[in-house]
Amino acid sequence: MTEQDSNVGANFIRNLIDADQQSGKHEGRVATRFPPEPNGYLHIGHVKSICLNFGTAQRYNGTCNLRFDDTNPAKESEEYVNAIKDDVQWLGFEWDALCHASDYFDKLYDYAVDLIKQGKAYVDSSTPEQMREMRGTLTEPGTESPYRNRTVEENLELFEGMKRGDFDEGAHILRAKIDMTSGNINLRDPGLYRILKVPHVRTGETWKIYPMYDFTHSLSDALENITHSLCTLEFEDHRPLYNWVIEQLDTPGNPQQIEFAPLNLEYTLLSKRRLIQLVTNKVVDGWDDPRMPTILGLRRRGYTPAALKDFCERIGITKNDSVIDMAVLETCIRDDLNTNAERRLAVLDPIKLVITSLPEDHAQTLTFQNHPQNEAAGTRPYEFTREVFIEREDFAEVPPPKYQRLVPGGEVRLRGCYVVKCTDIIKNDAGEIVELHCTHDPDTLGKKPEGRKVKGVVHWVSAKHAVPATVRLYDTLFNVTNPAAAESFEDALNPDSVTVMNNAVVEPALAKAEAETRFQFERTGYFVADRIEHSEATPVFNRVVTLRDVWAKK
RNA sequence: UGGGCCGUCGCCAAGUGGUUAAGGCACCGGGUUUUGAUCCCGGCAUUCGUAGGUUCGAAUCCUACCGGCCCAGCCA
């Protein structure tokens with residue numbers, strides 16, 4: 001590592017851990033965890049957290065657990081648990097221990113009893129409304145509950161009754177006894193356990209009460225001997241409570257909570273609630289719609305784990321509220337696919353081009369490179385015949401300035417083939433161009449034409465060999481940089497988020513591609529064979545991202 | 001009006017009292033190119049939210065102010 005590289009990827013969490021290692025805190029051990037609640041699908045914001053937690057563990061030769069924060073059975077399900085595991089594995093990470101907060105329900109209950117015995121927790125029988133009133137406001141202190149000074153015995157008995165299921169939901173709640181006047185609302189006697197008569201995926205009907213986040217999370221971290229508990233900024237206010245819980249109780253570990261800024265991405269919505277709306281309102285086709293920022297959606301779109309990890313490294317970790325430019329994400333996938341995807345030819349909006357200087361039965365097999373910078377990718381045969389398809393937009397009867405493609409009387413190179421000159425434009429009764437006639441220069445195969453420069457190169461597919469395919473062109477789901485700020489997302493939606501090219505034709509090799517294989521369609525972009533719908537009989541490709549195009553920008 | 005946090009180039013982001021204020025993205029040139037791709041070369045903050053102060057020396061320390069984000073679920 002050179003001196004200049006030494007602080008590449010540096011961030012405040014790494015600095016902090018480095019300092020901990022210097023001082024011998026945690027005996028130099030690093031243990032993290034990724035703690036999703038199984039109540040929705042993971043999205044790119046979670047990818048940031050996953051990369052941070054697993055990546056930090058890797059960097060310091062530590063461990064990272066996958067822990068499901070399953071304390072609210074009313075919202076959680078097995079479907080999400082499985083999807084989350086798949087997503088983490090697809091990204092290429094392996095967890096050390098697979099944990100569930102529910103694994104600790106017995107211990108958590110004992111800890112709660114301990115708190116009660118210490119006089120630091122009590123059963124409150126106020127209604128939720130009364131509790132809200134007594135909590136005070138942001139600027140006014142709260143008031144103490146009339147149940148705050150119940151005896152330890154009374155609390156113990158009531159809490160046991162709650163556990164047994166003697167009471168209705170909402171009748172009682174176990175609260176920490178901290179400080180109703182604290183400026184930090186989380187410290188105004190926060191709830192620890194509520195009655196919830198809902199069966200749990202893993203513990204079944206065993207529990208009628210379930211522990212709440214602050215109590216559960218801090219103790220789960222301590223129980224798993226987590227050293228650095230990384231979470232997002234909104235939990236900063238909870239840290240005093242996190243520490244309070246651990247300080248009152250006798251726990252094996254002494255974790256430290258460290259907060260970092262969650263991801264914000266231009267043109268993208270990243271709140272579970274809003275994402276669920278997109279799915280239930282059928283704005284998109286499902287959690288794996290290629291326009292969704294979910295891991296499943298990104299995967300179907302054609303993003304690779306490597307590109308997503310690269311993205312997380314590029315955006316860094318700080319406590320700044322920030323919004324990442326979409327161009328960063330796009331650059332990551334282009335970088336990956338530029339070096340790793342083979343090249344193929346596909347015509348999205350075909351127009352027939354007849355080379356009149358060739359005999360009707362002309363047949364010629366050319367050899368095309370699979371990758372211009374990588375010999376090892378090999379070559380493939382490519383059929384050339386008298387009639388080929390080219391992209392409709394690669395011909396212009398009245399060309400705009402600096403146009404480098406085919407124009408009437410002009411020349412253009414058929415990629416990997418001859419230079420052709422446009423001699424005739426065939427139109428239908430409606431005046432639409434239906435066919436182009438050209439002649440070819442036989443002395444231009446593999447060599448530059450004599451005495452002139454032909455700058456334009458156009459991709460093509462032999463009409464005889466072309467395979468019809470469906471190609472979907474994706475754009476951002478929203479057309480405003482911050483859809484979360486839009487009044488309703490209906491009017492922030494991009495009407496052109498997907499364009500389906502039903503008449504596209506692709507070279508034969510593409511139809512035979514395995515699902516989920518990625519290619520560069522030369523001159524048009526990077527594409528992936530759809531992992532669900534693609535087959536040799538009905539090829540379906542999704543555009544991952546366009547090629548960078550300086551000309552289109554001008 | 002309470003509590004917590006944040007402000008370094010258009011967007012990210014290193015930087016922890018002495019550096020010519022890293023790097024990436026974007027942008028602007030120029031070169032190579034049978035992808036208007038890739039690749040290569042060059043440019044891009046006398047300035048670190050603002051104003052004072054401490055110091056031989058400040059983005060880094062102090063003070064005040066300005067701007068932004070989060071918190072009043074028996075959600076996580």
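In what follows, every chain begins at residue 1, and chains take the letters A, B, ... in the order their sequences are listed. Owing to the predicted nature of the structure, the values given are computational and were not obtained by experimental measurement.
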> Using a cut-off of 4.0 Å on non-hydrogen atoms, how would the nucleic acid contact of A:Gly191 be classed: base, sugar-phosphate, or nothing?
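It contacts nothing in the nucleic acid.
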> Measure CE/A:Met326 against P/B:G10 and give the value in whole Å, please.
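Rounding to the nearest Å, CE of A:Met326 and P of B:G10 are 22 Å apart.
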> Using 30° and 60° as the class limits, which term best fits the ring planes of A:Tyr242 and A:His217: parallel, tilted or perpendicular?
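Because their plane-to-plane angle lies in the 30° to 60° range, the rings of A:Tyr242 and A:His217 count as tilted.
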> How close or far is atom C1' of B:U38 from atom OH of A:Tyr526, stated in whole angstroms?
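So the OH-C1' distance, A:Tyr526 to B:U38, works out to 7 Å.
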> Select base, sugar-phosphate, or nothing to describe what A:Thr444 touches, counting heavy atoms under 4.0 Å on all strands.
base
> Contact class for A:Ile315 vs. all strands (heavy atom < 4.0 Å): base, sugar-phosphate, or nothing?
sugar-phosphate
> Could you tell me how far B:G43 sits from B:G24 if I compare only their P atoms? Round to whole Å.
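That atom pair is separated by 12 Å.
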> Please give the distance between the P atoms of B:C71 and B:A58 as a whole number of Å.
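40 Å, rounded to whole Å.
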> If we take the C1' atom in both B:C61 and B:G67, what is their distance in whole Å?
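Looking at atom C1' only, B:C61 and B:G67 are 23 Å apart.
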> Considering only the C1' atoms, how many Å lie between B:U16 and B:G30, rounded to the nearest integer?
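Pairwise C1' distance, B:U16 against B:G30, rounds to 40 Å.
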> Mind checking A:Tyr193 for me? I need base, sugar-phosphate or nothing, with any heavy atom below 4.0 Å counting as a touch.
nothing
> Taking CD from A:Glu266 and P from B:A26, how many angstroms apart are they, rounded to a whole number?
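Taking CD of A:Glu266 and P of B:A26, I get 12 Å after rounding.
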> Mapping A:Gly456 and A:Met212 onto RNA chain B by nearest heavy atom, which one lands closer to the 5' end?
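Its nearest nucleotide being more 5', the pick is A:Gly456.
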> Does B:C48 have a Watson-Crick or wobble partner in any strand here, with both distances under 3.5 angstrom, and which is it?
none
> Between B:G7 atom C1' and A:Lys319 atom NZ, what is the distance in whole Å?
14 Å
> Salt bridge or not between A:Arg202 and A:Asp103? Use side-chain N to carboxylate O under 4.0 Å.
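Looking at A:Arg202 and A:Asp103, the cut-off is met.
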> Should the pair A:Tyr418 and A:Phe384 be assigned to parallel (<30°), tilted (30 to 60°) or perpendicular (>60°) ring geometry?
tilted
> Taking the nucleotide of RNA chain B with the closest heavy atom to each, which residue, A:Ser126 or A:Gly416, is nearer the 5' end?
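Result: A:Gly416.
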> Once you apply a heavy-atom cut-off of 4.0 Å, does A:Glu169 come out as touching a base, just sugar-phosphate, or nothing?
nothing
> Could you tell me whether the phosphate oxygens of B:U35, OP1 or OP2, come under 4.0 Å of any side-chain nitrogen or oxygen in A:Arg344?
no
> To the nearest Å, how far apart are A:Asp394 CG and B:A37 P?
14 Å
> If the C1' atom of B:U19 is compared with that of B:G42, how far apart are they to the nearest Å?
23 Å
> Look at all strands and tell whether A:Thr481 reaches a base, only sugar-phosphate, or nothing, counting heavy atoms closer than 4.0 Å.
nothing
> In whole angstrom, give me the gap between the C1' atoms of B:A51 and B:G7.
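To the nearest whole Å, 16 Å.
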> Centre of A:Phe260's six-membered ring, under 6.0 Å away, within 45 degrees of the axis: is that where NZ or CZ of A:Lys319 sits?
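No; the conditions do not both hold, so A:Lys319 does not lie above the ring face of A:Phe260.
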> Determine if the base of B:G73 is syn or anti; take syn to mean the glycosidic torsion is within 90° of 0.
syn
> Which atom names give the shortest non-hydrogen contact between A:Leu510 and A:Phe541, and what distance separates them?
O-CZ, 3.4 Å
> Does the plane of the ring in A:Phe235 sit parallel, tilted or perpendicular to the ring in A:His238? Use 30° and 60° as the thresholds.
perpendicular
> Please classify the nucleic acid contact of A:Arg415 as base, sugar-phosphate, or nothing, using heavy-atom distances under 4.0 Å.
base
> Return the value, rounded to whole Å, for the distance between atom CD of A:Gln257 and atom P of B:G4.
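Answer to the nearest Å: 16 Å.
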> For B:C6 and B:A76, measure between their P atoms and round to the nearest Å.
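It comes out at 27 Å once rounded to the nearest Å.
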> Could you let me know what B:C27 is paired to, Watson-Crick or G-U wobble, both distances under 3.5 Å, or none if it's on its own?
B:G43
> What is the distance, rounded to the nearest whole Å, between atom CG of A:Asp549 and atom P of B:U38?
10 Å
> Do A:Tyr213 and the base of B:A76 stack face to face, with centres under 5.5 Å apart and an angle between planes under 30°?
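One would not call A:Tyr213 stacked on the B:A76 base.
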> Please measure how far the C1' atom in B:U55 lies from the corresponding atom in B:C40, and state the result in whole Å.
46 Å
> Taking any heavy-atom pair under 4.0 Å as a contact, classify A:Lys448: base, sugar-phosphate, or nothing.
sugar-phosphate
> Send over the distance from A:Phe68 CZ to B:A76 C1', rounded to a whole Å.
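Taking CZ of A:Phe68 and C1' of B:A76, I get 15 Å after rounding.
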> Does the distance from a Lys or Arg side-chain N to an Asp or Glu carboxylate O, for A:Asp20 and A:Arg14, drop under 4.0 Å?
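No.
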